[in-house]
Every structure is written in C-alpha cells, then in structure tokens.
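Encoded as structure tokens, the structure appears first; notes follow it.
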Amino acid sequence: MILDAIDRTIVALLQKDGRLPLESIAAEVGLSRTATRARVERLLGSGAMRITAVVHPHALGLSSFAHVSLETAGPAYPVARHVAEMEEAPFVSVIAGSHSVMAELRCHDLDALVATISRIGGLPDVLSVDTLHYTRIIKDSHFPLGVVEEVSLDGLERRIVALLQEDGRISFSDLGRQIDLSAGAARQRVVRLIERGVIHVGAMVNGGMVGLNKMIGLEVSFVAGEEAQAAGMKLLADQPRIDYLATCLGRCDAVATIVASSDEEAVAALESVRALPGVRIRGTWTHLDLVKERYPDPAFP
C-alpha cells in the first residue's frame, strides 16, 4: 500500500493520539470530515495500521529491560524461535552483522532479567549473549513514556484496557454499554488512565504494508559530559527516521533503530546521524526478519 503525504500525516497524528476526533484530523490535513473518515477507514481496513491501547510495562510490574545480541553455532532461526517462545521476549529478530539474533527482554526485576539471560545462554547452539541493560526508553511507539508508580487497576479498568486493545477508537457509548457504565463515566475512566500514563492509545503501523521494510539497528556513543550527552540524545531523538531510542549500560550509551522505505532512505538516515555533533555510531546491524514483535499484556488477557 502506497501512502501519500496526507496519509502519512494522518498516521502521524493517530500515532500521537489514536482517539483524535475526525474533525481535528480533517482540520490538520485540509480535507472534509467525510473524506478524512474514508482515508482513516481505508488505512484501518487494509491492515496498514491499527489503533490500540499500549499498556505501560510498569503497570504490569515490568521494570527491568535489556537488549541482547546472540552469537549462534549454526542456523539462527532455531535459536530465534526458542527465544520467541519466552514471555519475557516481546521482540525477536534474525539479523545481519556480528551476531545472528537480537531480542528485547522485559522482566519484573533485575533478578528475573538475569535469570532470563541465563536461560537464553543455555539454549542449544547459543555461543554467547551480549547484553545491554536499558536505563531509559526515550522513543518507542510500544512504550508509553514516563514512569508509572504504584499502579493498581481494578477489574473495571482492566476490562476497559482490554476493549481498547481490541479497538482503540471504540466510542465511549459502545465502551460504556460493554462495561455497564454511561458514556460519560466510561470517558472519565479512559481519560484518567491516559493522564496517569498507564496507557497510550495510538496507531500501530504495519511497516511492511506501507513500504517501511528496512530496519537498521545502531549502537551509539555520545561526547562525555552530562550536558553534551543530553544534547546529543535530543538531536538523535529528533531524527525523523529514528523509530526507537533507549539509553543503556554496557559497550555503548544508547541503542537506536532506523526504519526506512528503501536502502537509499536508510543510507540517508545513517548519514544524517553520522553528521550529528557529539554523536558517534559504534556499530550497526540489519534486521532481516522479525520472528516476533508482540507486546503481550499478561495482566489483561
């Protein structure tokens, strides 16, 4: 599916706020409400994007995150599939570079993270596990930013979240009918969840369907000094093709992902990063096949 400039603007708006009214979207893109509705419905109906609620991992008791790169003794896929079976690994990819498989881990605490890494290291044909411990997620469409503390969701809120995960643009009246609340009361509950940072409702884009099928991973270091690092981080986060960015402990200061529609666009994005003052690319890899990209919410079956 080819997206024109209006489609891309609509997607960007819905990534920020998946429940943005059609009137507001129409005003931004300069179309009528009817034409805007048709565009949104086409994007949703084609599978190019879906609107869903993403739950902050802290609300699920998950507070320790890591990026692991695996060296394998043989083919990568058997190892990748074993890792993909782990609940703690929402993202698993076969890659080209100095390693064969890359995964993101989300665990309840540091002890659980260490145990998970140990399990991965014990899998057949895993020669080594190189770990970067995330300290802060800066940019990620699957991760509501900020810190959520002392979250305790009642049964009604869990039902609301589950319904928003199925359809992030469900009307408040339909939502209320399914949970035995008025539309106004349902709206209050949803607004409170969003304002507390427990959930973010936004568009998830199927990159392959819209031509964004090139993914390049980066290891990045910054010039020493707190102010210089903060400046470099902001410059990197502001790059339009940077889809993911996290600070970490280990061999580099941050991990980032470039998402592009072609080799030429990926190269241009890399060149833009290389030109940033105070930012140094320490290593790169190419994502060849996403074996798993699913962010399950065990508290909301």
Do you know the tightest heavy-atom contact between Val92 and Ala80?
-> CG1-O, 3.6 Å
Rounded distance [0.5 Å steps], CZ in Arg8 versus CG in Leu13 | 13.0 Å
Salt bridge flag under 4.0 Å for residues Glu219 and Arg251 = yes
Whether His67 and Tyr134 hold their rings parallel, tilted or perpendicular, with breakpoints at 30° and 60° | tilted
Kindly say whether Ile95 contributes a backbone atom to a donor-acceptor pair with the side chain of His99 at under 3.5 angstrom?
-> no
Check: Leu22 main-chain N/O paired with Thr36 side-chain donor or acceptor under 3.5 Å = no
Whether Ser118 side chain and Val114 backbone form a donor-acceptor pair below 3.5 Å = no
Could I get the full list of salt bridge (Lys or Arg N to Asp or Glu O under 4.0 Å) partners for Glu23, not counting sequence neighbours?
-> Arg33
Derivation and outcome, side chain to side chain contact (heavy atoms under 4.5 Å, CB included), residues Val279 and Val220 | CA-CA 7 Å; Val279 179; Val220 177; 3.5 Å; yes
Between Arg106 and Asp140, is there a side-chain N and carboxylate O pair less than 4.0 Å apart?
-> yes
For the residue pair Cys248 and Thr135, what are the closest heavy atoms and their distance?
-> N-OG1, 3.7 Å
Specify the closest pair of heavy atoms between Phe222 and Gly232, including all atoms of both residues, with the distance to one decimal.
-> CE2-C, 3.5 Å
Would Met204 and Val54 count as a side chain to side chain contact (heavy atoms under 4.5 Å, CB included) if you check the C-alpha gap in whole Å, the side-chain angles of each, and the deciding distance to 0.1 Å?
-> CA-CA 10 Å; Met204 295 294 176; Val54 178; 2.9 Å; yes
Side-chain contact test, heavy atoms from C-beta onward, threshold under 4.5 Å: evaluate it for Pro90 versus Glu104 and give yes or no.
-> yes
Ion pair check, Lys292 and Glu85, cut-off under 4.0 Å = no
Does Arg19 reach the main-chain N or O of Gly168 with its side chain, forming a donor-acceptor pair under 3.5 Å?
-> yes
Would you give the length of the straight line joining atom CH2 of Trp285 to atom CG of Leu218, rounded to the nearest 0.5 angstrom?
-> 6.5 Å
Side chains of Ser128 and Leu70: does their closest heavy-atom pair fall under 4.5 Å?
-> no
Verify, without hydrogens or angle tests, whether Ser46 (side chain) and Ala48 (backbone) share a donor-acceptor contact under 3.5 angstrom.
-> yes
Judged by atom type as modelled, is there a donor-acceptor pair below 3.5 Å linking the side chain of Asp109 to the main-chain atoms of Asp111?
-> yes
Is there a donor-acceptor pair under 3.5 Å between the side chain of Arg274 and the backbone N or O of Ile281?
-> no
Side chain to side chain contact (heavy atoms under 4.5 Å, CB included) between Leu43 and Leu14: does it pass, once the steps are laid out?
-> CA-CA 11 Å; Leu43 289 166; Leu14 289 173; 5.8 Å; no
Does atom CZ of Arg169 have more than 12 heavy-atom neighbours, drawn from other residues, nucleotides or ligands, at distances under 6.0 Å?
-> yes
Derivation and outcome, salt bridge (Lys or Arg N to Asp or Glu O under 4.0 Å), residues Glu195 and Arg192 = CA-CA 5 Å; Glu195 290 181 342; Arg192 187 172 66 176; over 6 Å; no
Lys/Arg-Asp/Glu bridge criterion (N-O < 4.0 Å) met for Lys139, Asp238 | no
Over 12 non-hydrogen atoms of neighbours within 6.0 angstrom of CZ in Arg42 | yes
Should the pair Asp154-Arg189 be classified as a salt bridge under the 4.0 Å nitrogen-to-oxygen rule?
-> yes
Check whether any side-chain heavy atom of Leu123 lies under 4.5 Å from a side-chain heavy atom of Val83, and answer yes or no.
-> yes
Might you work through the side chain to side chain contact (heavy atoms under 4.5 Å, CB included) test for Thr72 and Leu127, ending with a clear yes or no?
-> CA-CA 5 Å; Thr72 61; Leu127 295 179; 5.9 Å; no
Do the side chains of Arg39 and Ile6 get nearer than 4.5 Å, heavy atoms only?
-> yes
May I ask you to decide whether Arg50 forms a salt bridge with Asp167, counting only side-chain N to carboxylate O separations under 4.0 Å?
-> no
Side-chain contact test, heavy atoms from C-beta onward, threshold under 4.5 Å: evaluate it for Val29 versus Ile10 and give yes or no.
-> yes
To the nearest 0.5 Å, tell me how far Thr116 OG1 sits from Met86 CE.
-> 7.0 Å
Does one hydrophobic cluster hold both Met102 and Leu113, with members joined at side-chain heavy-atom distances below 4.5 Å?
-> no
Closest heavy-atom pair and its distance - Ile242, Leu236 | CG1-O, 3.5 Å
Ser32 and Thr34: side chain donor to acceptor below 3.5 Å = no
Min side-chain heavy-atom separation Arg241-Val273 under 4.5 Å | no
Is there side-chain contact between His287 and Ile216, with heavy atoms separated by less than 4.5 Å?
-> no
Should Gln178 and Leu163 count as side-chain neighbours, where that means a heavy-atom distance under 4.5 Å?
-> yes
Across all chains, not counting sequence neighbours, the salt bridge (Lys or Arg N to Asp or Glu O under 4.0 Å) partners of Arg119 are Glu88
Could you tell me whether the side chain of Glu271 and the main chain of Val267 form a donor-acceptor pair under 3.5 Å?
-> no
dist Tyr77:OH -> Ser100:OG (nearest 0.5 Å) comes out at 11.5 Å
Do NZ/NE/NH1/NH2 and the carboxylate oxygens of Arg282 and Asp253 come within less than 4.0 Å?
-> no
More than 12 foreign heavy atoms under 6.0 Å from NE2 of His133: is that the case here?
-> yes
The reported gap from SG in Cys107 to CG in Leu62 (rounded to nearest 0.5 angstrom) is 7.5 Å
Drop me the distance from Ile25's CD1 to Leu20's CG, to the nearest 0.5 angstrom.
-> 4.5 Å
Partner of Leu193 under side chain to side chain contact (heavy atoms under 4.5 Å, CB included), chosen from Val55, Val198, Val201 | Val198
